[in-house]
Every structure is written in C-alpha cells, then in structure tokens.
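Small disclaimer: the values here were computed from a predicted structure and weren't measured.
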Amino acid sequence: MTSIVKQFQYPELSRTSNGGRRYVVGEKRLPSVTTILDACTDKTWLIEWKKRVGESEAKRISTESSNIGTLVHSCLEHHITKKPGQSKNNLVYQLANKMANAIIENGLKYIPVVWGVEANLYYEDLYAGTTDLVGLWKNKPAIIDFKTTKNKKTKKDIQHYFLQGVAYAHAHNQMFDTNIETVVILMVDRDANYSCFETEPGEFERYGDIWNNYLCQYYKLNIDA
C-alpha cells in the first residue's frame with residue numbers, strides 16, 4: 001500500500017505562459033523543463049503529421065489526448081492522496097478511469113512511499129517543473145511520471161520523457177541534497193495496456209549529459225532574453 005510521507009517541503013510556485021510555460025521562483029521566471037525540450041526539439045515529424053491529417057484534425061486529436069491525459073492524472077492523484085474525485089458518467093471519464101486503474105493495479109504496488117505528488121521543483125537560475133510523483137520505487141529514490149498514449153510505445157519512443165525525469169531528479173538533488181538516480185515512466189494506452197520503463201545502470205548519466213546539452217542549446221539561442 002502506498003503511503004505519503006512529507007519528508008521534504010516542496011515549494012508553491014506560480015506559473016505564467018509568457019514565452020512558453022515559466023515558473024516564478026523569487027525574482028526570476030524560469031522556463032519549464034517541457035518548454036526547454038520543446039524549443040530544442042526537431043519538429044519536422046510534427047509539421048509533416050499536421051500536413052497529412054490536416055490542421056483541424058490535428059487540433060482535435062491533440063485536444064482529445066490532452067483531455068484524457070489530464071483526467072488520468074487526476075484519477076491517479078485522487079487515488080494516491082485519498083481525496084475524493086468527481087464521479088462522471090461520460091465515456092471520456094470512464095476511459096480515463098479504466099486507464100488509471102491499469103497503473104494503480106500494476107504500478108503502485110512498487111511505490112511504498114510517496115514524498116510528493118505534483119511536486120514543484122527547480123534548479124537554481126536555470127529551470128523549473130512539476131513531477132507527478134517523487135518517492136521510492138522498489139525502495140530506491142525515484143522520479144516517477146505517469147504518461148498516456150494512444151498507441152503502445154517502446155522505450156526508444158519515449159526518450160524525451162526520460163530527459164524530463166532526469167531534469168527533475170537533478171533539481172531535487174540540488175534542492176534537498178538527495179541522490180536520486182532512477183527515473184520511472186508508468187504508461188498506459190487507450191486499451192488500458194500498462195507499460196513500465198525505468199532507467200538502467202548508466203542510462204541516468206547518459207540522459208543527464210543529453211539534458212545538459214539541451215540546456216546549453218536553449219540558453220545559447222538566447223530564448224530567455
């Protein structure tokens with residue numbers, strides 16, 4: 001059974017969407033991890049996809065995916081925090097609830113302790129973000145993120161998710177002097193098929209190097225000016 005232990009004091013941070021998502025940390029407005037990744041990623045595939053399906057259809061698919069993802073996260077958060085969620089009978093909510101249950105039944109048993117849910121993190125003067133969970137995964141300190149997908153993915157397909165997790169781990173380690181070196185992605189598709197991906201020995205350092213290159217690229221482009 002998953003227990004919440006408030007071992008760390010995670011900050012309350014306000015957000016702004018001016019120039020991409022930013023978090024207000026003191027006097028600074030730090031770019032989010034996802035903003036940095038988005039700015040430094042080749043979007044050729046996205047442009048081609050939009051041309052292929054059409055702008056309106058692309059927008060519909062993206063909105064649908066976002067709505068389902070938000071509902072799944074909400075269901076999981078309410079389950080973990082033991083807070084009552086809204087009971088809805090529409091088909092989208094039923095689908096999201098079914099998807100969330102796949103993660104609850106298959107993944108949460110490996111998470112005995114949660115330190116933070118939707119925990120705000122920042123790396124001083126560089127970036128900020130919010131991780132779904134931080135706690136123990138199979139008794140190892142870990143950053144844990146929930147992801148939804150329309151079609152089942154392989155580990156190779158989700159490299160950006162690991163970069164995101166490593167960025168959060170670096171921030172947590174700096175803020176609280178921890179030594180988190182494990183990132184776990186718990187994923188579920190529309191058919192409620194569950195997948196678990198986690199960093200293997202040596203991968204955390206490799207993803208860390210790639211993330212640092214993204215950071216250098218982002219600030220070299222002077223996007224933050």
Side chains of Arg29 and Thr16 in contact at under 4.5 Å (non-hydrogen atoms): yes

Residue pairs fulfilling salt bridge (charged side-chain N to carboxylate O under 4.0 Å, His left out) with at least one residue in residues 57-75, sequence neighbours excluded: Glu57-Arg60, Arg60-Glu64, Glu64-Arg190

Minimum side-chain heavy-atom gap Val72-Ile68 below 4.5 Å: yes

Distance flag, aromatic centroids of Tyr123 and Trp211, threshold under 6.0 Å: no

Point-to-point distance, once rounded to the nearest 0.5 Å, from CZ of Phe146 to SG of Cys75: 11.5 Å

Sidechain-backbone polar pair: His73 side chain, Gly69 backbone, donor-acceptor under 3.5 Å: yes

Donor-acceptor list for residues 96-114 side chains, cut-off 3.5 Å, not counting sequence neighbours:
residue	atom	partner	partner atom	Å
Asn101	ND2	Asn97	O	3.3
Asn106	ND2	Ala102	O	2.7

Single-linkage hydrophobic cluster, 4.5 Å side-chain cutoff, Leu126 and Val24 together: no

Heavy-atom pair of closest approach, residues Phe204 and Ile180: CZ-O, 3.4 Å

Pair listing, salt bridge (charged side-chain N to carboxylate O under 4.0 Å, His left out) test, anchored in residues 169-187, at least two apart: none

Atom NZ of Lys28 with >12 non-hydrogen neighbours under 6.0 angstrom: no

Salt bridge (charged side-chain N to carboxylate O under 4.0 Å, His left out): pairs with one or both residues in residues 152-170, sequence neighbours excluded: Lys155-Glu200, Lys155-Glu203

Residue pair Tyr23 / Pro11, side-chain heavy-atom distance below 4.5 Å: no

Value rounded to 0.5 Å, distance of CG in Leu215 from CD1 in Ile210: 12.5 Å

From Gln159 atom CD to Leu37 atom CG, the distance as rounded to the nearest 0.5 Å: 12.0 Å

side-chain contact (heavy atoms from CB on, under 4.5 Å) between Thr131 and Asp145, worked out: CA-CA 6 Å; Thr131 183; Asp145 255 14; 3.3 Å; yes

Minimum heavy-atom distance between Cys196 and Trp137, given as atom pair plus value: SG-CZ2, 3.6 Å

Stepwise side-chain contact (heavy atoms from CB on, under 4.5 Å) test for His172 and Phe8: CA-CA 10 Å; His172 198 284; Phe8 304 101; 3.9 Å; yes

Spatial distance of atom CD (Glu198) from atom CD1 (Ile185) [nearest 0.5 Å]: 10.5 Å

4.5 Å side-chain heavy-atom contact, Arg15 and Thr130: yes

Test item: Tyr127 and Thr35 side chains (from C-beta on) under 4.5 Å apart, heavy atoms: no

Beyond-backbone contact of Val117 with Leu133, side-chain heavy atoms, under 4.5 angstrom: yes

Asp191 (side chain) donor-acceptor with Asn193 (main chain) under 3.5 angstrom: no

Test side-chain contact (heavy atoms from CB on, under 4.5 Å) applied to Asp132 and Glu118, step by step: CA-CA 5 Å; Asp132 294 336; Glu118 290 291 306; 3.2 Å; yes

Where Thr182 and Pro141 come nearest, the two heavy atoms and their spacing: CB-O, 3.6 Å

Closest contact, heavy atoms only, Val184 versus Ala142: CG2-CB, 4.4 Å

Passing option when Phe176 is tested against Tyr122, Trp115, Tyr10 for ring-ring contact (aromatic ring centres under 6.0 Å, His included): Tyr10

Residue pair His160 / Tyr214, side-chain heavy-atom distance below 4.5 Å: yes

Centroid separation His170 to Tyr207 less than 6.0 Å: no

Any pair counted as ring pair (Phe, Tyr, Trp, His ring centres under 6.0 Å), so long as it reaches residues 177-201, sequence neighbours left out: none

Any donor-acceptor N/O pair, Thr70 side chain to Ser66 backbone, under 3.5 Å: yes

Residues which pass side chain to side chain contact (heavy atoms under 4.5 Å, CB included) with Asn213, listed by chain and number, not counting sequence neighbours: none

Close side-chain approach of Tyr219 and Pro31, heavy atoms under 4.5 Å: yes

Nearest non-hydrogen partners of Thr34 and Gln164, listed with the distance: CG2-NE2, 3.7 Å

Inter-residue atom distance Tyr161.OH - Thr149.OG1, 0.5 Å rounding: 6.5 Å

